[in-house]
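These numbers were taken from a predicted model, which means no experiment stands behind them.
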Amino acid sequence: MVVSNFFGILLVMEVMVFCGLRLGVHGLSMDYYMMDCPIAEFIVRDSVTSALQSDPTLAAGLVRMHFHDCFIQGCDGSVLLDSTKDNTAEKDSPANLSLRGYELVDDIKDELENRCPGVVSCADILAMAAREAVFWVGGPFYQIPNGRKDGRRSKIEDTFNLPAPALNSTELINLFGKHGFNVQEMVALSGAHTIGVARCSSFKSRLSNFDSTHDTDPSMNSNFARVLSKTCAAGDNAEQPLDPSRNTFDNAYFIALQRQAGVLFSDQSLFTSARTKRIVNAYAMNQAMFAMDFQQAMLKMGLLDVKEGSTGEVRENCRKIN
């Protein structure tokens, strides 16, 4: 059942103002598919809703896939491309092996091709699917401009620029800054970890031989360290929820950081740094503020280096270029 969304009501005025702009930045528009495929958003919404009713954990996968797409070559669906004999694509990078949702995107694309052939890009499908996933788990609903074209480049070496779980807050600030995000936006986007899980391989370095002075990461609560150790006893692929409410959009992620119970080093570093700690505290105190800032940051992320016109294409199959 679709989650009732309090934040959608809180932000409805802001969304209506945003939607009143017929044209978005970069030439994208809110009604891009109005003439050629007016059912596009409905198809995406119905497909995502059905999938999440069967598997709520897929919501985090869709949001993460959209993020990993936009941070590499812009929001152009490059993460969806399969490798070929001559090229290893982004999806086969170690950083992307745990991504989920490819089959759902394929299903949506197939239906759209049957109804509106050659019209809706894979990049737009992924952006819309992530938006629906956020809303389904209780996050803010936000309208997005469409019209992104699909890129033709997808190379494993490009994924080395994705944020790694071992980065500290300064490194995260610098990395996000290269994409035009300020510190507050970076922390808000990190709040996507309010849903989903991390594998032991992403945090086990915090549990032993952490540095020359500490066996375990000193920024981590000792009781929580034992929880993570128990998780890792099942192997590198064992999963730990990123916050106590893994399938619900809330501010529990930030409250966990205050309690020194962030799963990833990169997460906990947001509370140990003076530049980001005040933002963590603000979001932990005010869930509506987090939802509003997250909405705006997601809108901005969805506009990163979009392809238009001849710089991209509308793929017939999201897994290969035309």
Side-chain angles (χ1 to χ4, degrees), residues 55-65 67-68 92-101 137 159-160 162-173 175-176 186-277 279-281 283-285 287 290:
D55 180 9
T57 67
L58 187 57
L62 292 172
V63 174
R64 185 164 175 252
M65 186 183 291
F67 180 91
H68 281 220
D92 288 321
S93 163
N96 285 335
L97 291 179
S98 60
L99 291 183
R100 302 172 57 217
V137 294
T159 65
F160 299 148
L162 287 170
L167 296 184
N168 61 38
S169 59
T170 299
E171 292 168 324
L172 289 172
I173 289 170
L175 180 57
F176 277 73
M186 182 275 287
V187 177
L189 287 174
S190 297
H193 285 174
T194 181
I195 55 175
V197 298
R199 293 183 177 181
C200 169
S201 56
S202 296
F203 56 81
K204 67 178 182 180
S205 61
R206 306 180 69 196
L207 302 175
S208 62
N209 301 313
F210 179 71
D211 59 26
S212 58
T213 339
H214 305 91
D215 188 38
T216 60
D217 181 356
S219 70
M220 182 170 45
N221 178 285
S222 57
N223 290 331
F224 190 64
R226 285 191 283 273
V227 170
L228 295 186
S229 295
K230 184 176 180 179
T231 297
C232 284
D236 281 359
N237 289 327
E239 295 178 339
Q240 176 69 33
L242 287 164
D243 86 0
S245 52
R246 60 176 285 184
N247 294 323
T248 302
F249 186 99
D250 54 25
N251 62 344
Y253 163 80
F254 297 103
I255 295 171
L257 299 187
Q258 290 179 318
R259 295 172 177 169
Q260 295 182 290
V263 176
L264 303 178
F265 175 81
S266 56
D267 289 331
Q268 194 59 55
S269 74
L270 299 180
F271 190 68
T272 57
S273 165
R275 295 181 69 184
T276 51
K277 182 175 183 177
I279 305 172
V280 170
N281 286 335
Y283 290 159
M285 182 181 300
Q287 187 168 326
F290 164 50

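The shortest distance between side-chain heavy atoms of K204 and D236 falls below 4.5 Å. Residues T57 and V197 form no side-chain contact, since every pair of their non-hydrogen atoms from C-beta on lies 4.5 Å or further apart. Between N247 and I195 there is no side-chain heavy-atom pair separated by less than 4.5 Å. Annotation: side chain of I279 is not in contact with side chain of M186 (no heavy-atom distance under 4.5 Å).
In plain terms, the two heavy atoms of C200 and G235 that are nearest each other are CB-O, 3.4 Å. The two residues R246 and P241 have their closest heavy-atom pair at CB-CB, 4.0 Å. Of all non-hydrogen atoms in F265 and L167, the two that sit nearest each other are CD2-O, 3.6 Å. The two residues A59 and V137 make their nearest non-hydrogen contact at CB-CG1, 3.5 Å. When all heavy atoms of A95 and R64 are compared, the closest pair comes out as O-NH2, 3.3 Å. Here the closest heavy-atom approach between residue R206 and residue V263 is recorded as NH1-O, 2.8 Å.
With rounding to the nearest 0.5 Å, the separation of CD in E171 from OG in S269 is 8.5 Å. One finds the CZ atom of F203 at 5.0 Å from the CG atom of L228 (value rounded to the nearest 0.5 Å). Rounded to the nearest 0.5 Å, atoms CD (Q240) and OG (S229) are 10.5 Å apart. Note: Q260 CD to M220 CE = 9.5 Å, rounded to the nearest 0.5 Å. Here CD1 of I173 is found 11.0 Å from CG of L175. Values are rounded to the nearest 0.5 Å. Atom CZ of residue R275 and atom CG of residue L172 lie 11.5 Å apart, to the nearest 0.5 angstrom.
Between F290 and F254, the angle of the ring planes goes over 60°, which puts this pair in the perpendicular group of the 30/60° scheme.
Inspection of the N281 and Q258 side chains reveals an N or O donor paired with an N or O acceptor under 3.5 Å.
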Hey, mind stepping through S219 and Q268 against side-chain hydrogen bond (donor to acceptor under 3.5 Å, both in side chains) and telling me if it holds? CA-CA 7 Å; S219 70; Q268 194 59 55; 5.4 Å; no
Just do the side-chain contact (heavy atoms from CB on, under 4.5 Å) check on L264 and L242 with the steps written out, would you? CA-CA 8 Å; L264 303 178; L242 287 164; 4.2 Å; yes
Residue pair D55, R100: steps toward the side-chain contact (heavy atoms from CB on, under 4.5 Å) verdict: CA-CA 11 Å; D55 180 9; R100 302 172 57 217; 2.6 Å; yes
Stepwise side-chain contact (heavy atoms from CB on, under 4.5 Å) check, N96 with L162: CA-CA 10 Å; N96 285 335; L162 287 170; 3.8 Å; yes
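A side chain to side chain donor-acceptor pair (under 3.5 Å) with Y253 is found for exactly one of D267, T194, D243, namely D267.
For the pair N209 (side chain) and D215 (backbone), a donor-acceptor distance under 3.5 Å is absent. Side-chain atoms of N251 come within 3.5 Å of backbone atoms of Y283 as a donor-acceptor pair (strictly under, hydrogens ignored).
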